[in-house]
Engineer: 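Starting off with a structure, shown below.
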Amino acid sequence: MLVSDVAVSAPHEDVKNFVLECSVCGQFHPTNEHSKVMADMPSQPDALIDDLVKMGFYSSQALDVANSISRVELQKALFLKVAGRGNPKRERLVNELIKQAGGLDEAFAAAFGHKSEQFFNDTLSNSRFTRRRFLRNVAIGAALVGLASCNNQQAIEEEPTVTGELEKKDVKISFLPITCATPIIMSEPLGFYKDHGLNVELKKYPSWSKVRDSAIAGELDACHMLAPMPIAMTLGLDATAFSTHLASIENNNGQGIAVANKHKGKIKSAADFKGFTIGVPYDYSNHNLILRYYLASGGLNPDTDVKIFISPPPIAIADMKAGKIDAFLMPDNFTQRVVYDDIGFIHILTRDIWTGHPCCAFAAGESWIKQHPNTFRALNKAIIQAAGYARNPTNRIEVARAIAEEKYLNQPIDVLEAVMTGTFQDGLGNTKTVPDRIDFDPYPWQSFATWITTQLVRWDYLPEEKADYKTIGEQIFLTDLARELAKELGANPPEELLKVEKLQFDTLDPQKPQAYLKEQIDKFGV
């Protein structure tokens, strides 16, 4: 679980209301009490904790104020804000020290010894005071971690920062009006960009080809892209080669196959789609690749038994209503919108074909990243943080409402809540509950790139001799950077680059992509 916005922002305001900074030493006590505080200050962290206990900061009565805030989230948020004292350079230094210590727990253990767990667990579980008093108590402890001595402040302030200033703060990012873009979109109204010093202009696009062309033309700083697009663009599969990196995953699952109402009662499996015209948003999309995978499993050749039709998401509904397409595999919110408008029904969610699969991604051109490394890190970090916030089920309604506005998705809130909460009508008279209908795990597994590449080869988008699976994953997917940024946010991301991908009809061992591809062709004939 990533650090949530509740943990990162809400406590800050409460802490600022209660912590007074001494003008003499910069510590957190009234200036006129400096001498007394220093005289009474315990020299050892263990003694400090004992003193806090003796002063009555804890009681036996339970406090439910922290139900929605994890210990790690609270520690990291308060430690960074209080130890950093509102100074971005200082906060970056603290973050680097945490990193060098091996993580937040190790940093606290080094400072507080064996009583670090006792200090925070007691505070979370046994305080009888109000939320503000509770936050104040923890802030006092966090403020003193590694910073209790008056004579170390100047040295810390003068330490060099690990990352430099942002090369540019005003940036332009593309998005398509689909729930897959949630972390990119919500970061504006919910303040994630601002928290990282960025002023982002979100530019709404009608199609993926327009995003591609604008990215190549240098009209955008970073992009909302489909997960296969950075691979296709880097390899020059659908245009002039343009080196592009996938920085983090925007969403997992979050799409489905919808069918026009005229076919109700006729569609039970993939084999029943023979002769259909089926819409997908783009050739180089997991929508197209997963659709082909699904159709082939039913004995159909996607190139001869159906017509796959490119229909940008914003006009897919109109295409189905006009009878131009019989079905589509599109991102939500459009899969749910056909039910809302009573023009179609949901046949299957893609999470039932490949649970946890990537859909969209945050990406940028290699040359732009090299010219703006700190800005790129800040953007990616904001989006990873937003994804963690969106992943928490308790935040889904808030997020749905934040992205529903006309300038963003311009969709009925009922449609977005159905997608985000996973409780929805399927158009066939059923109410479904699928909590991970859409998910937001930003970690860019390189095995995602492996599966995408096998399917690009399978369906003749990529010559087999150019399918260097390992190099494609390692050079295009910035997994190591995503892990580093997630750790800075207090998360515990995987250390591995690859994992076994379990799909509905087979399993990909990412170490054996050629064998997987041969097995598919042998089994299904295509």
Engineer: What closest approach, in Å, do Leu289 and Pro228 show between heavy atoms, and which atom pair accounts for it?
Structural biologist: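 Nearest heavy atoms, Leu289 then Pro228: CD1-CG, 4.4 Å.
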Engineer: Salt bridge (charged side-chain N to carboxylate O under 4.0 Å, His left out) for Lys203 and Glu219? Distances and angles first, verdict last.
Structural biologist: CA-CA 10 Å; Lys203 299 179 69 68; Glu219 298 169 357; over 6 Å; no
Engineer: Tell me, with the steps shown, if Arg292 and Asp303 meet salt bridge (charged side-chain N to carboxylate O under 4.0 Å, His left out).
Structural biologist: CA-CA 9 Å; Arg292 288 172 172 271; Asp303 291 316; 3.0 Å; yes
Engineer: Backbone N or O of Ala390 within a donor-acceptor pair of the Arg396 side chain at under 3.5 Å?
Structural biologist: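 Confirmed, Arg396 side chain pairs with Ala390 backbone.
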Engineer: With sequence neighbours left out, what residues match Pro493 under side-chain contact (heavy atoms from CB on, under 4.5 Å)?
Structural biologist: Tyr443, Arg483, Ala486, Lys487, Ala491
Engineer: Using the test ring-ring contact (aromatic ring centres under 6.0 Å, His included), find all partners of His224 that sit at least two apart in sequence or belong to another chain.
Structural biologist: Trp208
Engineer: Determine yes or no for a side-chain-to-main-chain donor-acceptor pair under 3.5 angstrom, with Ser285 supplying the side chain and Tyr282 the backbone.
Structural biologist: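 Yes: the side chain of Ser285 pairs with the backbone of Tyr282.
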Engineer: So do the side chains of Ile438 and Met420 get within less than 4.5 Å of each other, counting heavy atoms only?
Structural biologist: yes
Engineer: side-chain contact (heavy atoms from CB on, under 4.5 Å) for Leu379 and Leu198? Distances and angles first, verdict last.
Structural biologist: CA-CA 8 Å; Leu379 276 173; Leu198 298 161; 3.6 Å; yes
Engineer: Are side-chain N/O atoms of Asp506 and Gln520 paired as donor and acceptor at under 3.5 Å?
Structural biologist: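 Yes - a donor-acceptor pair under 3.5 Å links their side chains.
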Engineer: Once rounded to the nearest 0.5 Å, what's the spacing between atom OG of Ser311 and atom CD1 of Ile325?
Structural biologist: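 Going from the OG atom of Ser311 to the CD1 atom of Ile325 covers 5.0 Å.
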Engineer: Does the separation of the ring centres of Phe175 and Tyr205 fall below 6.0 angstrom?
Structural biologist: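 Not under 6.0 Å, so no.
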Engineer: Please name the pair of heavy atoms, one in Leu329 and one in Gln255, separated by the smallest distance, quoted to 0.1 Å.
Structural biologist: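 Closest heavy-atom pair between Leu329 and Gln255: CD2-OE1, 3.2 Å.
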Engineer: Would you call the rings of Phe505 and Phe524 parallel, tilted or perpendicular if under 30° counts as parallel and over 60° as perpendicular?
Structural biologist: perpendicular
Engineer: Side chain of Thr375, backbone of His372: donor and acceptor closer than 3.5 Å?
Structural biologist: no
Engineer: Under 3.5 Å, which donor-acceptor pairs do the side chains of residues 405-413 form with other protein atoms, sequence neighbours left out?
Structural biologist:
residue : atom : partner : partner atom : Å
Tyr408  : OH   : Glu188  : OE1          : 2.4
Gln411  : OE1  : Arg337  : NH1          : 2.8

Engineer: Do the side chain of Glu201 and the main chain of Val171 share a donor and acceptor less than 3.5 angstrom apart?
Structural biologist: no
Engineer: Counting only N and O atoms by type, is there a donor-acceptor contact under 3.5 Å from the side chain of Thr335 to the main-chain atoms of Ala258?
Structural biologist: no
Engineer: Look at the side chain of Tyr193 and the backbone N and O of Ile184, then say whether any donor-acceptor pair between them is shorter than 3.5 Å.
Structural biologist: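 The answer is yes, because a donor-acceptor pair under 3.5 Å joins these two groups.
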Engineer: Please walk me through it: do Asn288 and Tyr461 pass side-chain contact (heavy atoms from CB on, under 4.5 Å)?
Structural biologist: CA-CA 12 Å; Asn288 181 30; Tyr461 291 105; 2.9 Å; yes
Engineer: Name each donor-acceptor pair under 3.5 Å that joins a side chain in residues 268-279 to protein atoms two or more places apart or in another chain, with its distance.
Structural biologist:
residue : atom : partner : partner atom : Å
Asp272  : OD2  : Lys268  : N            : 2.7
Asp272  : OD2  : Ser269  : N            : 3.0

Engineer: When you measure from the side chain of Gln336 to the backbone of Gln425, do you find a donor-acceptor pair of N or O atoms at a distance under 3.5 Å?
Structural biologist: yes
Engineer: Is it true that atom NZ of Lys321 has more than 12 heavy atoms of other residues, nucleotides or ligands lying nearer than 6.0 Å?
Structural biologist: no
Engineer: Does any part of the side chain of Asp426, heavy atoms only, come nearer than 4.5 Å to the side chain of Val339, both counted from C-beta?
Structural biologist: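 Heavy-atom side-chain distance check fails, nothing below 4.5 Å.
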Engineer: Should Asp439 and Asn253 be marked as a side-chain hydrogen bond (donor to acceptor under 3.5 Å, both in side chains) after you check the CA-CA gap, both sets of side-chain angles, and the distance that decides it?
Structural biologist: CA-CA 6 Å; Asp439 200 4; Asn253 305 330; 5.4 Å; no
Engineer: Does Trp451 form a side-chain hydrogen bond (donor to acceptor under 3.5 Å, both in side chains) with Tyr516? I'd like the steps, not just the answer.
Structural biologist: CA-CA 9 Å; Trp451 188 88; Tyr516 174 76; 3.0 Å; yes
Engineer: Please tabulate, for side-chain N and O atoms in residues 239-247, each donor-acceptor pair with protein atoms closer than 3.5 Å (sequence neighbours left out).
Structural biologist:
residue : atom : partner : partner atom : Å
Ser243  : OG   : Glu366  : OE1          : 2.5
Thr244  : OG1  : Phe242  : O            : 2.9
His245  : ND1  : Gln475  : O            : 2.9

Engineer: Is Thr355 reaching over with its side chain to a backbone N or O of Asp352, donor-acceptor style, under 3.5 angstrom?
Structural biologist: no
Engineer: Looking at Lys324, I'd like to know if its NZ atom is crowded, meaning that more than 12 non-hydrogen atoms belonging to other residues, nucleotides or ligands lie closer than 6.0 Å.
Structural biologist: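 Counting other residues, nucleotides and ligands, NZ of Lys324 stays at 12 neighbours or fewer.
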Engineer: Verify, without hydrogens or angle tests, whether Tyr284 (side chain) and Leu237 (backbone) share a donor-acceptor contact under 3.5 angstrom.
Structural biologist: yes
Engineer: Is Thr182 close to Glu250 at the side-chain level, that is, under 4.5 Å between some pair of heavy atoms?
Structural biologist: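 Side chain of Glu250 against side chain of Thr182, heavy atoms only: no contact under 4.5 Å found.
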Engineer: Name all residues meeting the side-chain contact (heavy atoms from CB on, under 4.5 Å) criterion together with Lys523; count only those two or more places apart in sequence or in a different chain, and write none if there are none.
Structural biologist: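 Testing Lys523 for side-chain contact (heavy atoms from CB on, under 4.5 Å), a comparison that skips the adjacent residues, returns none.
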Engineer: Output yes when a side-chain donor or acceptor of Asn286 lies under 3.5 Å from a complementary backbone atom of Cys359, and no otherwise.
Structural biologist: no
